[in-house]
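In this text the structure is predicted, and so the values were computed from the model without any measurement. Scope of the values below: all heavy atoms of this structure, side chains included, with no hydrogens, waters or symmetry mates. To find a chain, count down the sequence lines: A is the first, B the second, and so on, and within it residues start at 1.
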Number of protein chains: 2
Amino acid sequence: MIILDESKKILSESQEDYLKQIYLLIEDPQGIVGTQALAERIGVAPASATAMLHKLRALGLVHYAEYRGVSLTESGRKVALELLRHHRLLESFLQTALGYGWEEVHDEAERLEHYISETFETRMALWLGEPEFDPHGDPIPNADLVFPVVRTETSLTKLGAGFEGQIVRVATQDRDELNLLSHLHLLPGRFVKIAESGSNGVRLNVLNVDTSRQGNHFLIPLSLAARIFLQEGQPS
Amino acid sequence: MIILDESKKILSESQEDYLKQIYLLIEDPQGIVGTQALAERIGVAPASATAMLHKLRALGLVHYAEYRGVSLTESGRKVALELLRHHRLLESFLQTALGYGWEEVHDEAERLEHYISETFETRMALWLGEPEFDPHGDPIPNADLVFPVVRTETSLTKLGAGFEGQIVRVATQDRDELNLLSHLHLLPGRFVKIAESGSNGVRLNVLNVDTSRQGNHFLIPLSLAARIFLQEGQPS
DNA sequence: CTTTAAACTTAGTCATGTATAAATAAAAGT
DNA sequence: ACTTTTATTTATACATGACTAAGTTTAAAG
């Protein structure tokens, strides 16, 4: 339900979802996505994606040439970022203000991101104190859709034994993975030390602030370790 | 997006709106609405309403006989009440938690009521302390969709000069009316005295708790007075 | 180069929710 | 009762967003 510039055109939930998924599939800002990958991500047949891409191109929201793939135009990117901001603010708000559990948050935000007004967005951000990162550690674009300055974060899989640092990001929305991490207290903010890094996974030592659980250690499978990002440092 | 009983069928926003408006148009629970009135309220052509009524009848949500009008079945009523609960909780929440202004609240709630989950509903109610009335003074059905016990409220137009009481309900969603009342501090909770009641309207004396604005008085036109409800009593 | 498999698009349907125009039923007036 | 007006319904059509089946392009392999 995002309103387009001066033209005051309104996008459907579907159209918004396409733009968002194109954005998320293109890490590199100059990249391109294929119809198939996009369709799969959204959960429709490839032919349906083709049809939608024609519409979005007509609206000036995507660059698209038949058989050549899609990318976002400037205005398409704005819509995607607006949605991303809504989503991440909602996740923060639901958890902080309404006491949602770590895993309950995603689906609700996914639905509501299309329907909240700019006012709602603004008030949530105010309530939360204009946060720069959501509970997963993902960056939240500000009101002008600019991302906060990037932190020096590195995936667990790219660090060696002995490294000490703080979890700053957990790049998954999977309920089971989140539930696991939540119970292990491996969430953004936590300090850990890498005990061992092998082909089975990464063995982590939890460096707690309170000493009660000090020294807990876990073997994190590689697939999950790849989604956890650290920043060097020690508990203060 | 309300889910139907065990059948797990999902209603569209449109279908939900029809049910809600049928409910609101039938004050008397045994009443009946015509196609025209319904269509007008929803903002579609009468023929479109007819088409939708056929669908809702097929879903067992309305009693409907061609040319004879519509009413809600038990399950239709449940959907309407669920929506009403969402709406009124949202209005309360937006105002109380997010600092929305009195007049900004309605449109946002109207949109979001269709998309929030049961979880969201529950958490809002908890946050607000399971309120029985929304900021307009309208009753909020509880989680089992039962209304709170009715208060003895009477419309301003049915009371005579000399009556003293508290505003308990302001039955309008009109932005201009709400804005006016808001600036006059004539909102639920306020104590007032009827100075005069005539064909031009009702002249009110504001009985403030703090003495600063004590004695303000306004002439409220009849059309508006009819929407303000009082309960007998004096400021304590 | 040519062949072939994978990716992608076109063509033709379908379900929803809307609209208009024309037909029909109910209500009201004389 | 008969006619007129109003309310309502039927018939038909359109836009959206999805699907399947069939055809086309591209890229990779020989």
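- Comparing atom distances between the Ser12(A) side chain and each of dT9(D), dA18(D), dG17(D) picks out dG17(D) as nearest.
- As rounded to whole Å, 5 Å separates atom P of dA7(D) from atom CD of Gln36(B).
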Enumerate donor-acceptor pairs with a distance under 3.5 Å from any side-chain N or O in residues 127-135 of chain A to protein atoms, sequence neighbours excluded.
{"residue": "Asp134(A)", "atom": "OD1", "partner": "His136(A)", "partner atom": "N", "Å": "2.8"}
{"residue": "Asp134(A)", "atom": "OD1", "partner": "Gly137(A)", "partner atom": "N", "Å": "3.1"}
{"residue": "Asp134(A)", "atom": "OD1", "partner": "Asp138(A)", "partner atom": "N", "Å": "3.0"}

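- Think of the region where chain A sits on DNA chain C: with heavy atoms and a 4.0 Å cut, that region ends 5' and 3' at dA7(C) to dT10(C).
- No close placement of the His86(B) and Phe120(B) rings is indicated, their centers lying 6.0 Å or farther apart.
- In this structure, Arg77(B) is not positioned above the aromatic face of Tyr23(B) in the sense of NZ or CZ being under 6.0 Å from the six-membered ring centre and within 45° of the axis.
- The phosphate of dT9(D) (OP1 or OP2) has a side-chain N or O of Tyr64(B) nearer than 4.0 angstrom.
- Remark: P of dT9(D) and CG of Leu38(B) are 10 Å apart, rounded to the nearest angstrom.
- When rounded to the nearest whole Å, the span between OH of Tyr67(B) and P of dT6(D) equals 17 Å.
- Along DNA chain D, the nucleotide closest to Val44(A) and the one closest to His54(B) are compared, and the more 5′ of them pairs with His54(B).
- The side chain of Lys55(A) contributes an N or O atom lying less than 4.0 Å from OP1 or OP2 of dG17(D).
- At a threshold of 4.0 Å, the pair Arg57(A)-Glu66(A) counts as salt-bridged, since one of the basic side-chain nitrogens sits closer than that to a carboxylate oxygen.
- As judged by a 4.0 angstrom heavy-atom cut-off over every strand, Thr35(A) is placed among residues touching the sugar-phosphate backbone only.
- Judged by the 6.0 Å distance and 45° axis criteria, Arg169(B) is positioned over the aromatic ring of Phe229(B).
- For the pair Leu56(A) CG and dT16(D) C1', the interatomic distance rounds to 13 Å; values are reported in whole Å.
- Protein atom CD of Glu66(B) is 11 Å distant from nucleotide atom C1' of dT10(D), rounded to whole Å.
- Atom-to-atom, CD of Glu13(B) to C1' of dT16(D) comes out at 15 Å; the value is rounded to the nearest Å.
- Distance, Arg41(B) CZ to dA7(D) P: 17 Å, rounded to whole Å.
- Ion pairing between a basic and an acidic side chain is recognised when a charged N comes within 4.0 Å of a carboxylate O; Arg85(B) and Glu118(B) show no such pairing.
- Contact between the side-chain N/O atoms of Ser14(A) and the OP1/OP2 oxygens of dT16(D) is not found at any separation under 4.0 Å.
- Checking each of His106(A), Glu103(A), Arg227(A) against Gln173(A) for a side chain to side chain donor-acceptor pair (under 3.5 Å) leaves exactly one that passes, namely His106(A).
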